[in-house]
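Comments concern the structure below.
Proteins come first, then strands; the chains are lettered A, B, ... in the order of their sequence lines, and each starts at number 1.
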2 protein chains.
Amino acid sequence: MPTATQKPYHHGDLREHLLLAGEQALLEMPIDDVSLREIARRAGVSHAAPKHHFASMADLLGEIAARGFQKFVNALGSAAEESKRQTAEDRLHAMGRAYLRFADENSAVYGLMFGQVVKMSMTPALTKSSYEAWSQLENAVAQVTGALRAPIAATHVWSSVHGLSMLKSARRLPPHVSLHAVEEDNLRMMIAGLKEA
Amino acid sequence: MPTATQKPYHHGDLREHLLLAGEQALLEMPIDDVSLREIARRAGVSHAAPKHHFASMADLLGEIAARGFQKFVNALGSAAEESKRQTAEDRLHAMGRAYLRFADENSAVYGLMFGQVVKMSMTPALTKSSYEAWSQLENAVAQVTGALRAPIAATHVWSSVHGLSMLKSARRLPPHVSLHAVEEDNLRMMIAGLKEA
DNA sequence: CTTTTTATATTTACACTGTAAAGATTAAAG
DNA sequence: CTTTAATCTTTACAGTGTAAATATAAAAAG
């Protein structure tokens, strides 16, 4: 009587499968083609099967976004860890690089995390993981600006890096600038701005 | 024989009507409810009528985005004009304020202008008006940083202000910060960052 | 071991969507 | 007045998300 394992009934656990299929679809196809029915197709079930695990498509996407935030927190955490022995400015720079990289490599999920479809209040997991991401950045900022100015300064950091990510993925940057140079210079200017009173 | 006026045939000119109806819809209802059929409904025509004026819905939205860019250029231009006699920094600050205000008051159209649905290459009007917006900002930045650093510095300005707009409209800013204070402080930090070499 | 209950998945249905093609209507051109 | 061309409507199709009814199979109860 294996009560400890909670992998039930006939189709393995579909819930997990749907999340994986959704993440995969968001990596492989243009976002407009990622429908609930397409995800069900990829999971090998009927189009109505997801209803028993997610109340709506927005709910499914919300959970994918929550997972995205977890990966995001890990990516920022690794960058912070690796630059542990550097100055606070350099650590922030490293985290900024990790941020841009994550947004680039996971652009569809990133779009979900910061877009209009998924609302922050959807799920406790979402609220929690996004809060973690925020406070992680705020801590790193506090080491540069001091705790007092950290909340507002963190907003500046986030705006700058988020804005660059979005402009890049939407191809709204002028064509004549080197993308790599832009990223490095933007991070530099952003951090320089932090030091002002 | 009025050949000069090009207002033809039976329904007045529907093309203009559709654009206005679309803009109105984007102001009045949640963006997911703004469909091609809804816009046609508002214009009082059948759902297939738009086909003769716009090849696809993305095309219609593209033209709305192009008009948005024109209004956007005007808004930035007015701000620049009004702060003509101030310092270059203050003028940039004023333009930043105008930027944030435009994004706030026209959030749906702004989302179109910088989102994934509309592609920059869709229409000459779009390419042109977005280029105008860009060079307008770059000129203002050049007066602060010098022409040499203007392109990269303008990217920083744009990223920062765009990022803040998006975070605000997607409700991703932490709830405990005053939105007005955040905007002013962000603009200050952004401009301070520009002055670094 | 059999029966009942519950969870899961499929089928079917509905109201939408964007797009395409065929038909009607009306303005402009000859 | 007739022809032509542009515009609008009707109809149709392949999608979508969601909801309800049905089938199925696993777990629980006896």
Side-chain angles (χ1 to χ4, degrees), chain A residues 1-22 25-26 28-65 108 112 115-119 122, chain B residues 1-22 25-26 28-65 108 112 115-119 122:
Chain A
M1 204 200 269
T3 56
T5 79
Q6 52 212 24
K7 244 194 210 172
Y9 23 100
H10 27 3
H11 255 101
D13 73 325
L14 180 56
R15 183 183 167 86
E16 181 68 18
H17 249 76
L18 287 169
L19 291 169
L20 291 173
L26 287 170
E28 287 177 4
M29 38 171 51
I31 193 150
D32 318 277
D33 296 355
V34 179
S35 63
L36 185 60
R37 286 162 112 109
E38 169 63 21
I39 295 174
R41 236 170 268 138
R42 282 169 175 255
V45 296
S46 81
H47 69 266
K51 202 66 200 291
H52 294 269
H53 301 274
F54 303 96
S56 71
M57 180 174 196
D59 253 62
L60 203 175
L61 296 178
E63 192 115 348
I64 291 179
L112 242 45
Q116 309 275 5
V117 184
V118 171
K119 271 74 165 115
M122 272 182 162
Chain B
M1 204 198 268
T3 55
T5 78
Q6 51 213 23
K7 246 194 207 171
Y9 29 101
H10 26 6
H11 254 100
D13 71 329
L14 180 56
R15 184 184 166 85
E16 180 68 18
H17 250 76
L18 287 169
L19 291 169
L20 291 173
L26 287 169
E28 288 176 4
M29 37 170 53
I31 194 150
D32 318 277
D33 295 356
V34 179
S35 62
L36 185 60
R37 287 163 112 108
E38 168 64 21
I39 295 174
R41 237 171 267 139
R42 281 169 176 256
V45 295
S46 82
H47 69 267
K51 201 67 199 293
H52 295 265
H53 301 273
F54 304 95
S56 70
M57 181 175 194
D59 253 61
L60 203 175
L61 296 178
E63 192 115 348
I64 291 179
L112 243 45
Q116 310 276 6
V117 183
V118 171
K119 271 74 164 117
M122 272 180 162

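- Residue A:Ile64 holds its CD1 atom at 11.5 Å from CG of A:Asp59, rounded to the nearest 0.5 Å.
- Distance, A:Met57 CE to D:dT16 P: 10 Å, rounded to whole Å.
- Between D:dA19 and A:Lys51, a contact under 4.0 Å exists linking OP1 or OP2 to a side-chain N or O.
- For the pair A:His53 and A:Glu63, the minimum side-chain heavy-atom distance is 4.5 Å or more.
- At C:dT12, none of the side-chain N or O atoms of A:His47 fall inside 4.0 Å of OP1 or OP2 (strictly under the cut-off).
- Distance B:Ile39 CD1 to C:dT19 C1': 15 Å, rounded to the nearest Å.
- Judged by distance alone, with hydrogens and angles left aside, A:Arg37 brings a side-chain donor or acceptor within reach of the base of D:dG17, the pair sitting under 3.5 Å.
- Between B:His53 atom NE2 and D:dA6 atom C1' there is a gap of 9 Å when expressed in whole angstrom units.
- Rounded to an integer number of Å, the gap from CG of A:Leu36 to P of D:dA19 is 11 Å.
- Counting all heavy atoms, side chain and backbone alike, B:Ala65 lies closest to B:Val118 at CB-CG1, 4.2 Å.
- Atom CG of A:Asp33 and atom C1' of C:dT17 are 15 Å apart (whole Å).
- Side-chain contact between A:His47 and A:Leu36: absent, with no pair of heavy atoms (C-beta onward) separated by less than 4.5 Å.
- In this structure, the CG atom of B:Asp32 is 16 Å from the C1' atom of C:dG18, given to the nearest Å.
- The one candidate from A:Leu18, A:Leu61, A:Ile39 that meets the side-chain contact (heavy atoms from CB on, under 4.5 Å) condition with A:Phe54 is A:Leu18.
- Atom CD in B:Glu38 sits roughly 12 Å away from atom C1' in C:dC16 (whole-Å rounding).
- Closest approach to the B:Leu14 side chain among C:dG18, C:dT17, D:dC8 is made by D:dC8 (side chain taken as heavy atoms from C-beta onward).
- One atom, CG of B:Asp59, and another, P of C:dA20, lie 11 Å apart when rounded to the nearest Å.
- For the pair B:His52 and D:dT9, the criterion of a side-chain N or O lying under 4.0 Å from OP1 or OP2 is not met.
- When each of A:Ser35 and A:Ala55 is assigned the nucleotide of DNA chain D with its nearest heavy atom, A:Ser35 is the one assigned upstream, toward the 5' end.
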